[in-house]
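Working notes, structure below.
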Amino acid sequence: MTTFREKAEAQTEQVIGQMLGDELLVREGQSRLRKADSAEPSEDRAKERDEDRAKGADQGIVRDERGQEQPKDKARAQQVSRVDKGGDPPGKKA
C-alpha cells in the first residue's frame, strides 16, 4: 500500500472515530498516521519506477531530475514531422 493511501485511511479512521465519539478508534488512526509518516517515501517512488519499467515505459520518454517527461533523443524529437489526419489537433497539413 502506498504511503499516501495509508495516510488517507488513517485520517479517515480518526475522523470516523471523532464522529462516533470512539477514542480508541481515534488513537488507532493517530498511530497509523504516525507509522505512515515514518515510512520511507523514496521506497514508494522506487517501486513506481520499477513498475513503469516493467510495463514497457521505455518508449523514448524519460523523466528528468524534476520528474518531468522528456524525449530520450531531443534532436530526433524536434525533427519528427506530424501530418494532420482530419480530426487531429493542429499540426503540419498534408
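The model shown is predicted, which means the values in this text are computed figures rather than measured ones.
For residues 10-19, the set of pairs meeting the side chain to side chain donor-acceptor pair (under 3.5 Å) definition, not counting sequence neighbours, comprises Glu13-Arg32.
With sequence neighbours excluded, the residues forming a side chain to side chain contact (heavy atoms under 4.5 Å, CB included) with Gln68 are Asp64, Arg66, Gln70, listed by chain and number. Residues satisfying the side chain to side chain contact (heavy atoms under 4.5 Å, CB included) test with Lys35, not counting sequence neighbours, are none.
The two residues Ala10 and Leu33 make their nearest non-hydrogen contact at CB-N, 3.5 Å.
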